[in-house]
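Okay, structure first, notes after.
Computed from a prediction, not measured in an experiment: that's the story for all the values here. All chains are named by letter (A, B, ...) in the order of the sequence lines, taking the proteins before the strands, and each is independently numbered beginning at 1.
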Number of protein chains: 2
Amino acid sequence: MIEIKQQENQLSVYFNQQLVIKHTDQQPAFFVGQGNETIDHYRGNFEIHDDIESKIPLIDAKCTNDQIIFSYFLNELRVHFKEEDHRLIITIESSQPYNRFWIRFFAEKDEKVYGCGEQASYFNLRHRVFPLWTSEPGVGRDKKSLTTFYADLYDKAGGDYYTTYYPEPTFVSSRKYWLHADTYAYSVFNFKNDDYHELFFWEVPSQIIIAYQENFLDLIENLTDYTKRPPKLPEFLHNGMILGVQGGMKQVLNYLDQALNHGVLVSGLWCQDWAGVNYTSFGKRLYWNWTVSHELYPNLKQEIKKLSDKNIAFLTYICPFLLENESLFNSAKEQGYLVLNKNHQVYKEDFGEFYCGIVDLTNPKAFHWYKEVIKTNIIDLGIKGWMADFGEYLPVDCVLHNGKDAKLMHNEWPVLWAKCNYEAVKETDNLGKIFYFMRAGGHGSQRYATSLWAGDQSVNWELHDGIASVIPSALSTGIIGNPYTHSDIGGYTSLHGNIRTKELFDRWLEMNVFTSYMRTHEGNRPLQNFQFYNDKDTLSLMARMTHVRFDLKPYIMHLVDEAYAFGYPLQRALFMHYPNDAKTYDLQYEYLFGKDMLIKPVVYPGQTHQEVYLPDDIWVHLWTGKHFEGNQTVKVSCPVGYPPVFYRALSEHKKLFENITHKNLMQEENV
Amino acid sequence: MIEIKQQENQLSVYFNQQLVIKHTDQQPAFFVGQGNETIDHYRGNFEIHDDIESKIPLIDAKCTNDQIIFSYFLNELRVHFKEEDHRLIITIESSQPYNRFWIRFFAEKDEKVYGCGEQASYFNLRHRVFPLWTSEPGVGRDKKSLTTFYADLYDKAGGDYYTTYYPEPTFVSSRKYWLHADTYAYSVFNFKNDDYHELFFWEVPSQIIIAYQENFLDLIENLTDYTKRPPKLPEFLHNGMILGVQGGMKQVLNYLDQALNHGVLVSGLWCQDWAGVNYTSFGKRLYWNWTVSHELYPNLKQEIKKLSDKNIAFLTYICPFLLENESLFNSAKEQGYLVLNKNHQVYKEDFGEFYCGIVDLTNPKAFHWYKEVIKTNIIDLGIKGWMADFGEYLPVDCVLHNGKDAKLMHNEWPVLWAKCNYEAVKETDNLGKIFYFMRAGGHGSQRYATSLWAGDQSVNWELHDGIASVIPSALSTGIIGNPYTHSDIGGYTSLHGNIRTKELFDRWLEMNVFTSYMRTHEGNRPLQNFQFYNDKDTLSLMARMTHVRFDLKPYIMHLVDEAYAFGYPLQRALFMHYPNDAKTYDLQYEYLFGKDMLIKPVVYPGQTHQEVYLPDDIWVHLWTGKHFEGNQTVKVSCPVGYPPVFYRALSEHKKLFENITHKNLMQEENV
């Protein structure tokens with residue numbers, strides 16, 4: 001129910017008895033204006049500078065039925081409030097074409113806020129400001145780290161706490177509402193004020209949607225009813241782990257044999273170099289012409305068939321860029337399917353020692369063509385999954401087929417890219433059987449991305465870009481409707497002195513048992529960094545961890561069913577199930593895996609024990625079976641291979657968990 | 001002559017045929033609004049964040065005689081234009097108490113801009129943005145340097161290209177006008193646009209003054225007629241150099257003897273530890289109770305007399321802070337002369353391991369009291385000069401006697417501090433005889449600071465904070481009417497791995513011959529850094545350089561006379577005398593010392609030769625007498641002790657320069 005109350009200088013909008021907007025002439029709710037931006041782009045890193053030419057507070061408010069006119073002199077917004085499906089829909093008509101727009105929503109001092117896409121530094125966004133613009137997240141992402149300093153210095157690539165592959169103007173509040181603004185324009189969500197959230201956009205959003213629910217589970221269901229949900233993860237993913245290996249078929253089969261010989265359960269081989277390789281100073285990169293490299297992977301279709309007979313999937317890689325002067329580039333160029341520059345020539349994106357064209361996904365014919373490329377070059381070979389990389393690079397100085405300003409399409413691009421992959425899978429009737437994983441995202445990823453991965457973490461322990469950062473990433477994307485995410489086991493980016501150690505790899509491995517699925521990556525510089533295939537001890541750990549994972553399969557399939565039916569993410573904030581426990585709202589390196597498991601991964605080197613907060617319940621330590629009362633912080637031993645994991649004593653999956661406990665050798669006295 | 005032309009939507013204000021303000025409804029000249037700032041202060045480093053709540057373009061302009069009403073709805077500025085002393089005076093009355101105000105002045109694309117106080121990174125300010133707020137300038141001042149990175153990380157003290165002890169809303173344009181805005185409020189001078197300069201203030205300035213002149217010499221004369229000029233530098237400064245030494249009278253007399261025995265001409269001993277010392281982790285600091293330390297400097301008055309008989313002045317140190325619980329602090333506190341905090345208790349400023357009170361210079365009684373302290377504790381002893389340190393630290397959360405908001409007094413504080421010293425000197429009839437040197441400044445320093453010094457450079461070669469940075473500092477303060485500045489020979493700040501080398505010291509020494517006066521500093525960590533008294537070779541260099549300096553005395557006294565009469569700075573940009581030479585407008589590490597000498601100091605390590613641009617004239621290399629045609633870049637040899645210095649062949653001081661050439665041993669074939 002919508003209520004608009006006006007008294008003297010104050011106007012308040014309530015929805016379901018909740019104060020949504022509070023406006024006074026001293027503290028107006030709406031501002032309009034004009035601005036001029038400058039956007040510098042360097043290899044996926046964007047430096048945005050905004051000169052605000054005007055910011056006009058609309059101090060006057062006149063109320064008529066479900067419409068309020070907020071105005072100041074000739075500036076006027078007609079704001080309509082309507083209820084639809086128990087949601088509040090705010091639509092805004094403006095008297096002039098403003099390119100800067102601010103709206104303030106009522107906030108409480110202690111309120112906390114989550115979401116806004118994938119946020120790797122902070123899960124609770126309150127008291128900070130979040131620009132929303134898809135980009136490389138940066139290397140280091142912390143202006144106080146040397147990694148970031150050098151990444152900024154050499155590559156303009158250090159990033160900051162808010163830089164993300166996947167921004168979305170959608171958040172969830174601890175006051176049990178979700179809010180989504182319907183626009184892909186650059187925006188800044190400012191949560192730093194005590195009594196309001198200020199949302200700022202480079203266009204007036206067509207609508208803003210808000211829904212309140214009684215609890216967080218209903219809230220996510222409601223939100224994902226709106227966003228739509230992805231297909232189920234293919235079942236085969238729960239049979240073991242995916243080995244991310246490279247070097248050609250002979251080489252990867254060697255790695256496979258090595259793993260199988262050590263007892264590792266392998267569900268897939270992910271060979272990103274299926275189309276060939278390209279050596280640059282950054283490291284070993286791929287040959288961006290998405291056709292099989294017959295040199296590296298001869299007879300691929302037959303090889304895939306053979307692997308399939310052993311229940312091992314073959315996975316590959318694709319992105320929306322096409323290597324200059326290669327077959328796909330030439331074909332797309334000839335047909336006019338590539339994004340153009342301002343001179344109406346093919347836009348060539350610099351990837352560091354090579355250039356690529358960009359398939360123009362706003363052109364329905366190009367979109368269709370690229371979908372067919374995916375079908376023909378990938379799906380037809382029997383490939384069961386791929387990394388659908390990139391999406392965050394769309395330059396703002398390009399010309400698109402649909403005629404829209406590239407800066408307004410920039411944040412939508414990852415969604416178009418997801419949709420292109422989605423339709424290729426759907427049209428071949430493979431939803432739920434074939435999957436892909438994406439790092440870039442936007443509103444729509446919930447439906448069109450079959451799964452996410454957290455991108456290219458640094459191979460270290462730095463909080464903002466190392467192993468820890470993938471946890472808030474998972475929680476933030478999860479809470480706005482992306483149930484499936486995971487990360488490169490071991491991390492990816494080895495630059496500026498960061499070299500992956502065995503310890504980091506092992507800790508990442510043990511953590512990722514409790515994510516959507518397990519997949520390794522060799523990283524950008526495979527030779528200098530730790531690899532599992534050079535270490536028998538890690539191979540043994542992989543064997544044990546994949547068996548734990550396999551034991552969890554029924555539980556995980558239950559979580560996938562839940563995700564499909566209600567949108568619940570596999571990795572969840574504790575407050576989703578313990579909303580009355582104030583302590584749970586600021587935990588960002590601890591999570592529930594489904595309702596019944598609680599994980600606090602080890603994210604610091606050299607750690608032997610870990611403190612874990614347990615909410616009110618009875619918790620059983622997975623490795624020893626030791627019982628703990630909830631509502632307290634406990635300290636447990638955490639040798640490698642035994643990350644702090646608990647399950648609910650009252651879980652209906654208790655037997656399954658107990659089975660894992662019984663198989664493991666950790667003694668209760670060692671906890 | 002003021003002309004206001006209005007046609008259709010455009011209104012233009014001309015002064016002496018020059019377009020000053022161009023206003024259209026699409027590109028208005030005035031904006032008003034409100035903002036909320038947050039200012040974090042840590043030991044003189046301020047982090048300022050400004051939330052603009054409104055920015056209203058005043059698109060309507062109505063002209064009546066010499067007044068234009070710029071307005072938008074209820075927002076109105078009455079802008080008066082009048083001519084006074086051939087200057088354009090713009091006064092602004094506003095309809096409401098705006099705390100944010102923007103004004104745009106017409107600019108040409110190729111125009112260049114200089115001044116805005118002391119700018120250590122860039123002399124030409126065009127195409128950059130300069131916040132104007134007095135503060136510590138920072139250690140490193142370059143976000144791309146490791147020095148800055150560590151200074152930010154450990155002390156929030158890295159600074160940036162615009163951070164300065166001495167900001168001033170006054171600039172000089174290559175279009176031969178000067179502009180001054182009459183306010184001490186925080187401001188941001190934005191010179192990055194092609195067709196206008198946007199000046200932004202936290203209050204509406206009471207007036208803005210503009211004057212055009214035919215040439216830059218007249219322009220500086222006109223500007224300093226407005227600002228007023230300082231007294232002449234005392235003559236004794238030109239007899240030799242000041243040794244900045246410490247350790248007590250016995251120790252400093254040893255240093256003096258050592259210098260004299262090596263033939264160094266010494267004009268003064270600067271003993272900053274005259275009041276005692278205080279060891280902290282930052283380094284050796286002073287005991288901030290401004291009375292003689294009888295332990296370190298027994299019988300100081302008699303010792304000063306003895307030195308004076310040898311024509312050697314004794315110099316000390318003072319600042320506006322008083323060490324907690326010491327005699328001056330207690331006296332000031334008792335009389336209510338200290339700045340208070342919001343709880344009306346004495347404000348205690350943290351200086352890193354000690355706390356101080358701040359003399360409230362807005363209280364006429366406190367001002368008078370502190371002036372008397374200077375007279376009694378310093379001047380009466382026969383002290384001929386001192387470092388009048390600090391001025392840039394006034395916290396914004398304090399309560400001042402005059403009742404003004406501390407954030408609006410912050411930029412004025414250095415001027416009050418200068419005035420306090422000035423009056424102490426003036427009232428004892430010592431103007432021109434006694435001097436002090438200040439780093440903090442503001443509008444008024446021109447009159448009240450008897451000289452400046454460039455502050456605490458890092459003891460290294462980094463452009464933004466090392467030896468080079470003192471050159472743009474001198475040129476920028478000079479062009480807005482501060483004729484006398486100099487820098488610590490050898491630099492000061494040894495932190496984050498920067499250690500002063502002999503080479504750096506020697507290069508700084510040879511450069512400072514060609515500045516207002518020569519003074520060494522031991523730096524913040526004397527023991528770890530190079531000192532002249534440990535090196536016979538440097539002592540010999542000091543001897544030679546001070547003799548060169550002494551030979552220049554008649555020329556320097558001529559420059560001081562010029563400064564007194566016309567305000568011309570000793571260190572000048574080349575374009576002041578060669579305004580038609582476009583190349584001279586962007587030189588910031590090369591300058592004229594008076595009209596007749598041209599210097600391009602060596603500011604890189606290991607340099608054996610230096611390229612020097614010579615404007616159209618006939619130039620003579622000082623050390624060899626070799627003649628060069630101007631209007632070309634020449635390359636000269638620059639061994640230590642022979643910095644690239646030239647004089648005008650047509651100079652009336654030619655004989656004096658030739659005398660120096662003849663005394664020196666550098667052979668012409670070595671040039």
In this structure, are over 12 heavy atoms from other groups packed under 6.0 Å from [X] atom [atom1]?
X         : atom1 : result
Lys156(A) : NZ    : no
Gln6(B)   : CD    : yes
Gln10(A)  : CD    : yes
Lys22(B)  : NZ    : no

**Prompt:** Do the side chains of Tyr72(A) and Tyr72(B) get nearer than 4.5 Å, heavy atoms only?
**Reply:** yes
**Request:** Kindly compute the distance separating CD1 (Ile59(A)) from OG (Ser54(B)), expressed to the nearest 0.5 Å.
**Result:** 9.5 Å
**Asked** Is any side-chain N of the basic residue among Lys192(B) and Asp51(A) closer than 4.0 Å to the acidic one's carboxylate O?
**Response** yes
**Fill in**
If you tally heavy-atom pairs under 4.5 Å between each of Asn190(A), Leu74(A), Leu146(A) and chain B, the highest tally belongs to Leu146(A)
**Request:** Considering only heavy atoms and a distance below 4.5 Å, find which of Tyr150(B), Phe73(B), Trp102(B) pairs most often with chain A.
**Result:** Phe73(B)
Side chain, backbone, both or neither: which part of [X] has a heavy atom under 4.5 Å from chain B?
X         : answer
Ser145(A) : backbone
Glu53(A)  : both
Arg100(A) : neither

**Asked** Short question: side chain of Lys55(B), backbone of Ile56(A) - any donor-acceptor pair under 3.5 Å?
**Response** no
